[in-house]
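Have a look at the structure below, then the notes.
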Amino acid sequence: SSGSPEASAGSSAAGDDFGLVKAGTLTVATEGTYRPFSFHDDGSGDLVGYDVEVAEAVADKLGLEIEFQETQWDAIFAGLDAGRFDVIANQVSINPEREEQYLFSAPYTVSSGVIVVNEGDTSISSFDDLAGKTTAQSLTSNWNELATESGANVEAVEGWAQAVALLQQGRVDATINDELTYLDFVNTNGPSGIEVAATTSDSSLSALAFTKDKTDLVAAIDTALDELRAEGVLAELGEKYFGADVSE
Amino acid sequence: MAEGWQLFLDSFWPLVLGGLTGTIPLALASFAIGLVLALGVALMRLSKNRVVSGIARFYISVIRGTPLLVQLFVIFYGMPSIGIVLDPWPSAIIAFSLNVGGYAAEVIRAAILSVPKGQWEAGYTIGMSHGTALRRIILPQAARVSVPPLSNTFISLVKDTSLASLILVTELFRVAEQIAAFSGEFMLIYLEAALIYWLFCLVLSAGQGRIEQRLDRYVAQ
Amino acid sequence: MAEGWQLFLDSFWPLVLGGLTGTIPLALASFAIGLVLALGVALMRLSKNRVVSGIARFYISVIRGTPLLVQLFVIFYGMPSIGIVLDPWPSAIIAFSLNVGGYAAEVIRAAILSVPKGQWEAGYTIGMSHGTALRRIILPQAARVSVPPLSNTFISLVKDTSLASLILVTELFRVAEQIAAFSGEFMLIYLEAALIYWLFCLVLSAGQGRIEQRLDRYVAQ
Amino acid sequence: MSHSDPAGERADVPGGDPLAPADIPDDSVLLTARGIRKSFGDNEVLRSIDLEVRRGEVVVLIGPSGSGKTTVLRSLNGLETPDAGTIDFEGGPSLDFAAPIAKATRFALRDRSAMVFQQHNLFPHMTVIENVIEGRVRVQRVPKKQAIAEASALLERVGLAEKRDAYPFELSGGQQQRVGIVRALALKPQLLLFDEPTSALDPELVGEVLQVIKELADEGWTMVVVTHELSFARQAADEVLFMDGGVVVERGAPAQIFTKPAEERTRRFLDRILRPLD
Amino acid sequence: MSHSDPAGERADVPGGDPLAPADIPDDSVLLTARGIRKSFGDNEVLRSIDLEVRRGEVVVLIGPSGSGKTTVLRSLNGLETPDAGTIDFEGGPSLDFAAPIAKATRFALRDRSAMVFQQHNLFPHMTVIENVIEGRVRVQRVPKKQAIAEASALLERVGLAEKRDAYPFELSGGQQQRVGIVRALALKPQLLLFDEPTSALDPELVGEVLQVIKELADEGWTMVVVTHELSFARQAADEVLFMDGGVVVERGAPAQIFTKPAEERTRRFLDRILRPLD
Ligand SMILES: Nc1ncnc2c1ncn2[C@@H]1O[C@H](COP(=O)(O)OP(=O)(O)OP(=O)(O)O)[C@@H](O)[C@H]1O
Ligand SMILES: Nc1ncnc2c1ncn2[C@@H]1O[C@H](COP(=O)(O)OP(=O)(O)OP(=O)(O)O)[C@@H](O)[C@H]1O
Ligand SMILES: [Mg+2]
Ligand SMILES: [Mg+2]
């Protein structure tokens, strides 16, 4: 649904230049099970979420159709390598290891990690306190590394929901995740007997991820992101999903 | 609990739909193709030619010796590296067919061996070739023997198709994951999914009964 | 490619170790317990008492009709809600044992039925009770028949244990996931894992052969 | 303690012929069956069978397939439970099938007799000697040493001494059937039941088995034999019963039955067997 | 076109007895087998067997179990491939087992003869009529209508007309065996091979089957019969061969073999069968 003429002009060019999986279409990989970034409206409805809408806005800017491919995180990078997607929009946070293998767009989410514990658990008030404690992390998230660095022994789980379950059942001491995830959870589920014990000092940056050969595409998308930021679109989306602008 | 119940009701139809549009067609297609494959492999396995039976043996051993998950990965994410890019559904059908081919081959082989040697000879003595005897005499009898084990293979397949979500096929379990991720009630949703899988299996078993009856018309009750 | 090869080598031992400390012990323990369970269920299933056989029937149908993944989840994440909190390993062993109990029960039942009725009567006529005849005459013969199908059950179990990673048990596949997540080389690592699963299965099949030989001493070759 | 098992003792008389029956053949009535009825579904297989067997007597049952011969034997051995009628063993047990039978009573019935099947039904996973001592050791709780001694003597006597450690599949049909007989003898029952013991054998092997059975008859064993070997019946039987359609059509001494049967049905049956081609 | 199948034509002579052989019994030599040898592993089962069968002749093979009788029949029917020797059918084919046999030749051999097994080996998933026409339609490519007409006539003739649509399991052993014979006849072979066609039957059912075989003999069919029914051999055989240990020990007219066998082994074997108890 690209309205403006210059956009559609761009698209005709785009189709051939970016070496897209499917000419004229931006093929985006996302989990579809990572609320509130990428999930299905009331479970079985349309694919929505902050990352999803950001990707849609970007495609719109480039005058490209957009097509989402939903898959587990395990498969997401394999799929990107296999040339099945053009880009991953799933809160991929930038870290050195990944930068060796992949290209990143300008970050569109800036947030900090939080340690979530059961209410009234005073034994943890900082990341240092995690030493020797047990945390539940989804292996593939970058929070996993943070927990490990903090000296916690990590129980790997499928995702946030399982992590919270373990925490509430008292089988782990804490779980580290994105502040935004936590807020969304509390907003929808109401008081769940868990609270934030500490927040990371340095915040993490999430961006769209590409294979190394997609330099042109990344350049184009960075411009698009800047425009969206300037037009306040990213801020709107932030408000919509988090009640705050999270794009910087 | 009330809203849990509500969620259960709201999710039921989407899950069933995921089953009817994803799980069942995927399972049926893969099973049909897999059976043809399996028959071929079983016959190769029974061949007197060492090389031929060796190939079948190896194929079966690899299929049965490696996790289905990996087989899916190789076909969907691995083959592109040798230039073969298939869409999710074809990839899934190929992977599951190959898998069924490996498991069902052993079932069919056992069924063929279970037909008394005298039946082959009765066929030969009325002038039949090996092929004709196989087609007209042995396979019809082997079919009866292999229905129960094959229906087990099929039921396992129905559940295994949940792995297809890994390669972008949306079926019952994928839908369950989506709802679970949204609501956080993964326990409830997974149980509901299990219930629906179970219902599917009950229907299938009933089908098995029907087939056995039809094939049983020529054996003493 | 070179560093891919390096990664392959570096990962090999950790993966094998994951198999030896996770996969194999888990599979062995669950299989042993599961077999005992299965024997009981099979006998219940064969009971003339409608209720008893009905219970067995239902148990088998549920175990076989629902995804193993869900069975694991129910025991690990679900049971706490009724106050039972088990550690990962106990949960996994219980879940897999119950699962084996369902599948192996049908195998054992078929094996018992495959022993000629005359063997029961020969037992009775020398004064044996039903129980003694079962223990001394029928089961030893049923054992022989059930080795091949049971070893299939076991091989499936070995691969299914990869699901234990979902409830915090560290085994071969979990190790693979960790390495893959860290290196991003999913394809390579999963293939390597598959290779190791396959090697395990080859060893197990060899074991099956040995057992069959021992049991075959009393049948004409 | 099992040493006090009387049957056991008696057989241990040194020098006693191992083939000799535990029961003394004194012509007194051992078994009386009256009005035995049995139906499978609505197929009435036995319609009031009466049978009396004296100690040391050899009763032969003949009759067409499906006439109920096997069912009679199975009823006597407690493998089948008749719908009506009574079975009385002198010295017990005494069963009336009008009422349900207690488990203990059925076991008592089984202990009185031992059955030899058409298909030998040896235990394929046990050696010959293991087959023979199984019931003695596991059921009658006789010490293994003693059971083995007895079994060896019996095997010796039927010419299978050197096969004692062979598995059934290693034996010829005739040898298997002889082991089957020894397995029955080993239990020292009062009554031996044979169900077509030779009809699954190659013709040239029939002799060796019939010989053994005849010897047992001569030794004074009480037995009921279902067979189509009329020559055996002629030589060994004290009484022959011809069954058809679940009733005893005719009974009498072999000489009478085979030479001048009273019943037309008997005559036709004998003809079909003795002169199949005319 | 299958209509030009000569065998087919001949049998269609209106009013011709369906049991009559396609081959004219003119006493000329039909089959000559020379020096047939066969070993399974190092078990030498046939050691140079010679056999000559004339048109219309009935040859009966007798001998103890394991002597090689079945293997001889199987060799003649091409179910077993001898290690050495020759088999010549008048009018072909002619096989020398010194060299490997071409597939076509083996099929030609099979077409000349048809075998009736000890266990009838009917196809359980086909009705009686389907069993009988299967070879005729699938192999000899005779039109189904014609095959059914012929088959019905044959079934009629052996008294199984009303069983044409029954499945094998619904028949008695004797009926099954008769269908087995009809299935062989339907192919209009030149030679019929019977391997103990009655030894799996209840004794009172033996007669009905032997009757049919005897009729075929009288009609002039050429046949080789393995049997232990000496009464049949006596009445129907032109020549009797006694086999033991893979060789033909003795051959001759039934009268001679049964009354004054030249060989000790023959005598002992006959005794065991005729007088099992002494
Ligand atoms: N367990 C059973 N269930 C149903 N019917 C049975 C059963 N056992 C025997 N019959 C039927 O009872 C009838 C008599 O069987 P039985 O075996 O006693 O006859 P028989 O005289 O021993 O025949 P044969 O000479 O063939 O052994 C047959 O019609 C048989 O089909
Ligand atoms: N396929 C085979 N493999 C190995 N040995 C065989 C095979 N077929 C037959 N034999 C052996 O060949 C010998 C002769 O067998 P065959 O069946 O011809 O004897 P037979 O005279 O028909 O005996 P019976 O009267 O028991 O049928 C036997 O010792 C048998 O064990
Ligand atoms: Mg009987
Ligand atoms: Mg034979």
Side-chain angles (χ1 to χ4, degrees), chain D residues 62-67 69-70 118-119 171-177 196-218 226-237 242-244 254 265-278, chain E residues 62-67 69-70 118-119 171-177 195-215 217-218 226-237 242-244 254 265-278:
Chain D
I62 61 173
S65 177
S67 56
K69 307 181 298 294
T70 296
Q118 175 168 5
Q119 310 294 359
L171 306 181
S172 76
Q175 294 170 325
Q176 289 170 336
Q177 200 55 292
E196 304 192 24
T198 61
S199 56
L201 298 179
D202 289 311
E204 74 271 20
L205 303 179
V206 168
E208 66 191 53
V209 175
L210 288 183
Q211 287 292 1
V212 172
I213 301 175
K214 185 149 184 313
E215 277 188 60
L216 294 173
D218 300 343
V226 174
T227 183
H228 292 292
E229 293 293 332
L230 302 186
S231 59
F232 171 84
R234 234 187 248 97
Q235 297 186 35
F242 171 68
M243 287 186 62
D244 194 3
R265 270 151 89 193
T266 317
R267 227 202 70 263
R268 256 194 277 95
F269 173 76
L270 293 172
D271 279 353
R272 274 211 304 284
I273 291 190
L274 297 171
R275 284 171 292 286
L277 275 169
D278 27 274
Chain E
I62 62 173
S65 176
S67 56
K69 308 182 294 297
T70 296
Q118 175 168 5
Q119 311 293 0
L171 306 181
S172 75
Q175 294 170 325
Q176 289 170 335
Q177 201 54 291
D195 189 7
E196 305 192 23
T198 61
S199 57
L201 298 179
D202 289 311
E204 75 271 19
L205 303 179
V206 168
E208 65 192 53
V209 174
L210 287 183
Q211 288 293 1
V212 172
I213 301 177
K214 184 146 183 313
E215 275 187 62
D218 300 342
V226 174
T227 184
H228 293 292
E229 294 294 333
L230 302 187
S231 58
F232 171 85
R234 232 186 248 96
Q235 297 186 35
F242 171 68
M243 288 185 62
D244 194 4
R265 271 150 90 193
T266 316
R267 228 202 69 263
R268 255 194 277 97
F269 174 76
L270 293 171
D271 280 353
R272 275 210 303 282
I273 290 190
L274 297 172
R275 286 172 291 283
L277 275 168
D278 25 276

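In the text below, chain A, chain B and the rest are named by the order of the sequence lines, each starting its count at 1.
Between the Gln211(E) side chain and the Leu277(D) main chain, a donor and an acceptor come within less than 3.5 Å of each other.
With a 4.5 Å cut-off on non-hydrogen atoms, Ser231(E) touches chain D through its backbone and its side chain both. For Phe232(E), the parts sitting under 4.5 Å from any heavy atom of chain D are the backbone and the side chain alike.
The salt bridge (charged side-chain N to carboxylate O under 4.0 Å, His left out) pairs that include a residue from residues 201-217 of chain D are Arg157(D)-Glu215(D), Arg178(D)-Glu208(D), Lys214(D)-Asp218(D), where partners are two or more places apart or lie in different chains.
Put simply, of Pro203(E), Ala236(E), Gly207(E), the one with the most heavy-atom pairs under 4.5 Å next to chain D is Pro203(E).
Atoms OG and CG, from Ser199(E) and Leu201(D) in turn, are 12.0 Å apart once rounded to the nearest 0.5 Å.
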